[in-house]
2 protein chains.
Amino acid sequence: MVTIKDVALRAGVSLITVSRVVNTPDKVAKETRGKVEAAMKELGYVRNVAAGNLVYKRSGIICVYASRNFSRLDPFLSHFLLGVSEALGERSYSLSLVHEVNESQFCDGYIFSGYNEAEEAFGQCLSLGKPVALFGQYDDAGVDCIDTDNVLSARKAVRYLVENGHRRIAVVLNTTGADYVKQRFEGYRMALQEGGIEYDSSLVVEVDNSTEGGREASEVLLGRGRFTACFLITDTMAVGFVLGLQAKGLSVPDDISVVGFDGLGHQNLTIPKITTVVQPVYEISKALAESMLGRVVDGRKDRVSKLVEAELSVAGSVRNMNTEKEDIS
Amino acid sequence: MVTIKDVALRAGVSLITVSRVVNTPDKVAKETRGKVEAAMKELGYVRNVAAGNLVYKRSGIICVYASRNFSRLDPFLSHFLLGVSEALGERSYSLSLVHEVNESQFCDGYIFSGYNEAEEAFGQCLSLGKPVALFGQYDDAGVDCIDTDNVLSARKAVRYLVENGHRRIAVVLNTTGADYVKQRFEGYRMALQEGGIEYDSSLVVEVDNSTEGGREASEVLLGRGRFTACFLITDTMAVGFVLGLQAKGLSVPDDISVVGFDGLGHQNLTIPKITTVVQPVYEISKALAESMLGRVVDGRKDRVSKLVEAELSVAGSVRNMNTEKEDIS
DNA sequence: TTACCATATGTTAACGTTAACATCGGTTTT
DNA sequence: AAAACCGATGTTAACGTTAACATATGGTAA
């Protein structure tokens, strides 16, 4: 293992000069810096992060909490971890994926991929006094929060249906009881109101958050009456919904238009692909990790609390009721 | 921050005794150990892993390589990372997710989630001289390898079709050029042979590894002639294949039976769910991480090289051609 | 000229842990 | 009864880095 001592010897300077070249290069004369950098390259010097962390009194580790049952299902976790690790890597931090919060975890802070699945762990974490960052919304001065603006994004999704001439728009919720369910439902209602469409509770269904649940929803809604479009608050359900319709011989989008929510990949599994709003999970988790490092490394004190709008991704699952009239004329 | 010094003071012993209680408890008298443990609990002692790593001359970090384009798509990465992190956590290691191999990465070894997507990085890694572990197969004494036994597992999948009375069995390959394609194809041919079924190259199709590719394959095969079952070497394609059949008004499994491969979640997105063979990704990646730690922490020298058979997961996509005759009789 | 300042570099002591060796009773061996 | 040994504990010096202070050199102001 090559140390700054070896480099210093080779370059004919002292330890600390090498350390300065690594950490505060502009405090070293250009000529000296050149010599040191050459020596580092020749010897293949790699900074010992552990030694640095010891001095800085940091662990160099951020824990990412993922609830055990949730974590295996979804492409969500991949996106989330890629974002976190991207940010951590830039500052020589590494991560530890945990399923429970433990007093004796050696880490500088916790990042949560959600609140609802993790209430208990989240509480423990707060009482530990370490910084916490959350993909979600939570009122506590010590918690950095970034979340998708579910209300606005759902409103955007449903508005897209309205703009395409749909008036009878169903909505499928799920039974997880998570905050985003209420929020996306609220967005749905706002979009209806803006479009001058009366809310009809017979067009609201609540099912399990799964493909099977989505299929079930299609049967319930088809039994209840006339609608031309449906907004499903997760793509997982939307996939099942589309399949359910197709199994009944109905066409998407010719008979029924469909819009989903999430955009993590499932929207591309059906034919046609599903129009959805895409949560920027990677970007959010990266930003969360950055704000975590801001606290831990830079000693930032102010709280991050932000909502990000999801982007509409137009695919082939929505029929434009307006153009057709134009086509005829 | 509570250190062993604080604990030692509280317990009335020396530093090293506390260290021994942490690392080699049986070398400390029972009574003393009790006192120390009590002191640790009272003070909320957490071992400083960084300090330990410094002494042990380790980084405490394992890099997990994930190719950039591949990584966002799949539930694979979630499963893989969960396995790795489970093993690492048990020995106070943390992980760093990287997209390129870098001489100046501070880590003790690299774990690769695949070879074909990462040939270049893999080569760099070998020349670095650090231990490497691979989900896949590679002939090099320095590389620990665990892989799904693709031949045997594909054979098992196709044998299941044969056992269910199918004789005209198509196969859908993909154009990735990865090793597993040839292997799974070989398993297909073995199962045919064992079943006394002649190989028919008109029942072989090669398409893009996507839902769309699977749909395409269904059209090609339907155009070519009679078959009662199809083996798709990835579930992603199998999903599209099922959808393509259903779009043509065909029933799975009544008209065509389908078996996939992977078992990472996609098999549950269609109705009916797809019968598939499940790669134990979590278990394999965990074992890879364990063998990595065996090298790095315990100094193990012998090479791990193992093939693991995937488990058949029976769902509703295969029709039993035998029972029906029995039913009639 | 002397005193002062800025810039560049060096010396020393920490960070928290563990390995290697040292010590000290008490027991076994001869 | 002396020698050797063993189990439990302690002392010291490392691991590689950085902060804080110290020194040296050259330039500028009085």
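Numbered from 1 within each chain, the chains take letters A, B, ... in sequence-line order.
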query: Between the main-chain N or O of B/Val304 and the side-chain N or O of B/Asp144, is there a donor-acceptor pair closer than 3.5 Å?
result: yes

- prompt: Are a donor atom and an acceptor atom from the side chains of A/Asn102 and A/Ser104 found within less than 3.5 Å of each other?
  reply: yes

message: What I'd like to find out is whether the side chain of A/Leu54 reaches to under 4.5 Å of the side chain of B/Asn48, using heavy atoms alone.
response: yes

task: Answer yes or no: is there a side-chain heavy-atom contact under 4.5 Å between B/Phe135 and B/Gln279?
output: yes

statement: So OG of B/Ser305 and CD of B/Gln137: to nearest 0.5 Å the spacing works out to 7.5 Å

- prompt: Does A/Glu42 CD have over 12 foreign heavy atoms under 6.0 Å away?
  reply: yes

task: With heavy atoms under 4.0 Å as the rule, sort B/Arg47 into base, sugar-phosphate or nothing.
output: sugar-phosphate

message: With a 6.0 Å cut-off (strictly less than), is the heavy-atom count around CD of A/Glu90, excluding the residue itself, greater than 12?
response: yes

query: Is there a side-chain contact between B/Asp140 and B/Val132 (heavy atoms, below 4.5 Å)?
result: no

- prompt: So, is B/Thr32 close to the D/dA8 phosphate, meaning a side-chain N or O under 4.0 Å from OP1 or OP2?
  reply: no

- prompt: Does a donor on one side chain and an acceptor on the other come within less than 3.5 Å for A/Thr234 and A/Asp262?
  reply: no

statement: chain B reaches DNA chain C, atoms under 4.0 Å from its heavy atoms, from C/dG16 to C/dA19

task: Using a heavy-atom cut-off of under 4.0 Å over every strand shown, decide if B/Phe106 touches base, sugar-phosphate, or nothing.
output: nothing

query: Hey, are the side chains of B/Tyr138 and B/Phe122 touching, using non-hydrogen atoms and a 4.5 Å cut-off?
result: yes

query: Within the structure shown, what part of the strands sits under 4.0 Å from B/Val22 by heavy-atom distance: base, sugar-phosphate, or nothing?
result: nothing

- request: Indicate, with a heavy-atom threshold strictly under 4.0 Å, whether B/Val49 touches base, sugar-phosphate, or nothing.
  value: nothing

statement: The bend of the helix from C/dT1-D/dA30 to C/dT30-D/dA1, taken between the axes of its five terminal pairs at each end and rounded to 10°, is 50°

- request: Check the angle between the aromatic planes of A/Phe112 and A/Tyr110 and answer parallel, tilted or perpendicular using the 30° and 60° thresholds.
  value: tilted

message: Quick check on contacts: within residues 52-62 of chain A, what sits under 4.0 Å from DNA chain C by heavy-atom distance?
response: A/Leu54, A/Val55, A/Lys57

